[in-house]
Number of protein chains: 2
Amino acid sequence: MAARKATALDVAKLAGVSRSAVSMVLNGNIKGNVSKDAQERIRAAAKELNYLPNPVAVSLRNQRTATLGIITDEIVTSPFAGRLVSGATNAALARGYMILVVDTEHIPGREGPAIEALQHRRVDGLIYATGSLQPYIPSGPFRAQPAALANCFDPEDRLPAVVPDEVTGSRRATELLLELGHRRIALLGGDDDNAALLREQGYRSAMDRAGLTAGDHQVIVTGWDINQGYRAAESVLQEPDRPTAILAANDRVATGILLYAATAGIQVPQQLSVVGYDDQQNVAANLVPALTTVALPHAEIGAIAVKRVLDELEGSERRTERVLVPCPLITRQSTAPAP
Amino acid sequence: MAARKATALDVAKLAGVSRSAVSMVLNGNIKGNVSKDAQERIRAAAKELNYLPNPVAVSLRNQRTATLGIITDEIVTSPFAGRLVSGATNAALARGYMILVVDTEHIPGREGPAIEALQHRRVDGLIYATGSLQPYIPSGPFRAQPAALANCFDPEDRLPAVVPDEVTGSRRATELLLELGHRRIALLGGDDDNAALLREQGYRSAMDRAGLTAGDHQVIVTGWDINQGYRAAESVLQEPDRPTAILAANDRVATGILLYAATAGIQVPQQLSVVGYDDQQNVAANLVPALTTVALPHAEIGAIAVKRVLDELEGSERRTERVLVPCPLITRQSTAPAP
DNA sequence: CTGAAAGCGCTAACAA
DNA sequence: TTGTTAGCGCTTTCAG
């Protein structure tokens with residue numbers, strides 16, 4: 001139960017010095033002005049009184065709030081990317097910052113006011129975070145102060161952007177399947193959005209490198225949901241030359257595939273290997289069979305975005321290159337050697 | 001691009017009055033002191049300069065930050081209850097408050113420092129929110145200032161608590177099944193935690209009221225995950241007198257049941273009705289078949305908790321009764337008349 | 001080496 | 001009716 005009251009003046013009195021001395025010592029601003037003795041008394045007094053500078057007063061004085069604002073389109077609302085906010089919060093906390101989050105829930109016209117609200121609160125920096133990988137055109141405020149993009153990127157690269165390395169992720173996943181001896185590998189990819197395109201690129205690169213012919217490639221534009229995975233599986237798995245392995249757009253699509261395979265009496269992984277994407281919590285590891293998948297490093301993305309903003313805030317030059325965060329491949333029970 | 005600079009002094013100058021007049025007029029504190037004329041000039045000047053009081057200065061002066069703190073054990077990290085934070089944020093925003101969230105991620109020893117950090121930031125009120133329904137013993141800070149509990153409750157009811165009405169929710173779900181003519185209805189319930197117990201209570205109350213005998217009841221302690229639902233279904237559905245309907249602990253358990261049913265060639269809903277719980281986003285509505293389920297009103301819980309805190313903050317008496325938020329039954333394709 | 005003083009932007013009590 | 005003044009708690013310049 002810390003006493004919530006001690007001010008710098010209290011500390012000064014107890015230590016027998018002036019308020020300014022307290023401030024200087026506690027902030028390490030001793031330009032050779034305070035005697036060693038006084039310094040010790042100040043520190044002791046501060047500890048005794050459990051003194052911490054009032055952040056509100058500090059903010060007013062320094063014109064900095066030690067607060068970052070995150071605007072997101074669906075991170076909070078969505079069940080997938082909460083770890084992004086959590087990673088960001090932890091990284092911020094570790095450096096003495098707190099985070100104000102506003103989720104626009106994809107509601108048009110909500111973004112502007114959200115940014116304004118955050119600016120009005122005098123946040124020191126801004127982060128825009130999206131639920132799915134996509135381009136984002138940063139508006140004025142983003143370019144006018146320390147800022148970063150998380151899981152999205154500025155097509156013109158005016159802002160630091162932190163995004164998952166989707167290409168390598170799906171290439172690695174495809175390689176795993178190839179190493180297991182699979183040849184007919186289908187990609188049930190999302191739709192024509194950025195992540196889907198990049199994942200397809202990784203898939204094709206691995207397939208091509210393995211010298212596979214067009215007949216072995218099979219890319220079906222699906223969607224991102226369970227039922228869409230189910231339907232795509234339904235159409236792909238009924239063909240005579242059905243694939244022996246499927247790379248799914250994400251774990252939900254993989255769930256749909258598993259559901260259809262069960263219905264059709266196709267055993268996974270004995271007759272069909274399935275790889276997901278996301279490593280969605282409480283899903284991938286708990287499916288039957290447990291799903292081999294590519295993890296999306298949301299927490300890390302959030303943490304790095306925060307780091308970028310804080311570095312810029314503390315004096316570094318703005319670095320606008322995109323950071324590609326690795327997506328680790330997690331091998332579980334849904335993949336096996338080709339039949 | 002609003003000018004970020006105008007201060008009360010600028011407004012005063014432009015309107016030809018004193019700073020205090022500006023403050024009074026803009027805060028509605030005119031105790032008959034300012035001429036109608038001056039008032040209009042002030043408002044006009046404020047609008048012209050795009051003036052908004054600097055919240056940091058206001059905070060320092062008023063000793064209130066218009067900020068609420070939420071401590072949670074897994075809301076942010078977890079894919080399920082993000083809407084709680086989102087509901088809370090929106091409710092707060094609507095009344096001019098912002099929210100600082102700290103997720104302890106169930107890490108022991110993190111809660112104390114989190115509360116301290118929030119208090120240090122001078123939040124005006126505190127909310128403790130849990131991912132799953134459970135008792136929570138509020139520590140000192142919670143009892144010393146405006147606060148509320150979301151999705152958890154103080155066994156001694158010293159704090160307002162906002163929780164889902166689990167009993168009614170599962171009773172309604174059971175009644176739906178009974179209305180469809182089912183008699184042998186199994187409950188694959190979580191484990192011995194609060195939500196599981198309450199859901200079982202609702203189930204039993206509906207079963208008893210329908211005059212069903214012990215043979216028709218069947219309660220299996222399962223868990224909350226897909227694979228656990230799968231295994232429980234495996235054991236329950238192989239019996240000769242297998243149930244014609246299952247009430248699942250949650251949507252993930254229901255997913256496991258659907259997976260097993262598909263594997264075993266049991267058609268849902270023709271041969272087996274399944275009801276979930278949670279109405280988990282991107283899951284319940286997209287399963288195959290789409291899942292009938294009981295929705296957990298997370299957003300509303302968050303919003304009501306915020307309202308409680310703000311009401312207390314703005315002068316109302318603390319009301320410590322528990323608020324039961326209804327869990328609406330959502331009927332989809334996984335339920336049908338008994339075979 | 002130390003302390004007094006100014007001021008961040010605002011509100012509210014008090015004089016005029 | 002209006003303007004002046006005294007802080008909220010802190011940092012930092014500038015005399016002592």
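Each chain gets a letter, A, B and so on, in the order its sequence line appears, and its residues count up from 1.
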When you measure from the side-chain N and O atoms of [X] to the phosphate of [N], is any distance below 4.0 Å, counting only OP1 and OP2?
| X | N | value |
| --- | --- | --- |
| A:N62 | C:dC8 | no |
| B:Q63 | C:dT11 | no |
| A:Q39 | C:dC1 | no |

Considering residues at least two apart in sequence or located in another chain, which fulfil the side-chain contact (heavy atoms from CB on, under 4.5 Å) criterion with A:P155?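 A:P135, A:I137.
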What pairs meet the salt bridge (charged side-chain N to carboxylate O under 4.0 Å, His left out) rule with one or both residues in residues 152-164 of chain B, with sequence neighbours excluded?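 For residues 152-164 of chain B, and leaving out neighbouring residues, the salt bridge (charged side-chain N to carboxylate O under 4.0 Å, His left out) pairs sorted by first residue read B:D154-B:R158, B:E156-B:R158, B:D157-B:R322.
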Applying salt bridge (charged side-chain N to carboxylate O under 4.0 Å, His left out), which residue pairs with at least one partner in residues 91-114 of chain B are found, sequence neighbours left out?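 Listed once each, the pairs are B:R95-B:D311, B:R95-B:E314.
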Any side-chain donor paired with an acceptor under 3.5 Å for A:R122 and A:T67?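 No - no donor-acceptor pair under 3.5 Å links their side chains.
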[X] has an atom [atom1]; how far is it from atom [atom2] of [N], in whole Å?
| X | N | atom1 | atom2 | result |
| --- | --- | --- | --- | --- |
| B:N54 | C:dG7 | CG | P | 18 Å |
| B:L52 | C:dC10 | CG | P | 10 Å |
| B:L49 | C:dC10 | CG | P | 12 Å |
| B:R64 | D:dG9 | CZ | P | 16 Å |
| A:I42 | D:dC10 | CD1 | P | 14 Å |
| A:K13 | C:dG3 | NZ | P | 14 Å |
| A:D10 | D:dC10 | CG | C1' | 13 Å |
| A:L9 | D:dT11 | CG | C1' | 14 Å |

Could you pick out which residue, B:V17 or B:L60, lies toward the 5' side of DNA chain D when each is mapped onto its nearest nucleotide?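 The answer here is B:V17.
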Categorize [X] for me: base, sugar-phosphate, or nothing, with a 4.0 angstrom heavy-atom threshold over every strand shown.
| X | answer |
| --- | --- |
| B:A8 | sugar-phosphate |
| B:V56 | nothing |
| B:V22 | nothing |

Can you list everything that forms a side chain to side chain donor-acceptor pair (under 3.5 Å) with A:E48? Sequence neighbours excluded, please.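 Partners of A:E48 by the side chain to side chain donor-acceptor pair (under 3.5 Å) criterion come out as none, since no residue qualifies.
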Heavy-atom check, side chain of A:T89 versus side chain of A:V85, under 4.5 Å: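 The answer is yes; the side chains approach within 4.5 Å.
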Partners of A:Y51 by ring pair (Phe, Tyr, Trp, His ring centres under 6.0 Å), sequence neighbours excluded?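 A:Y51 satisfies ring pair (Phe, Tyr, Trp, His ring centres under 6.0 Å) with no residue once adjacent residues are dropped.
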N/O contacts under 3.5 Å, protein versus nucleotides 5-7 of chain D?
from  : atom 1 : to    : atom 2 : distance (Å)
D:dG7 : N2     : B:R61 : NH1    : 2.8

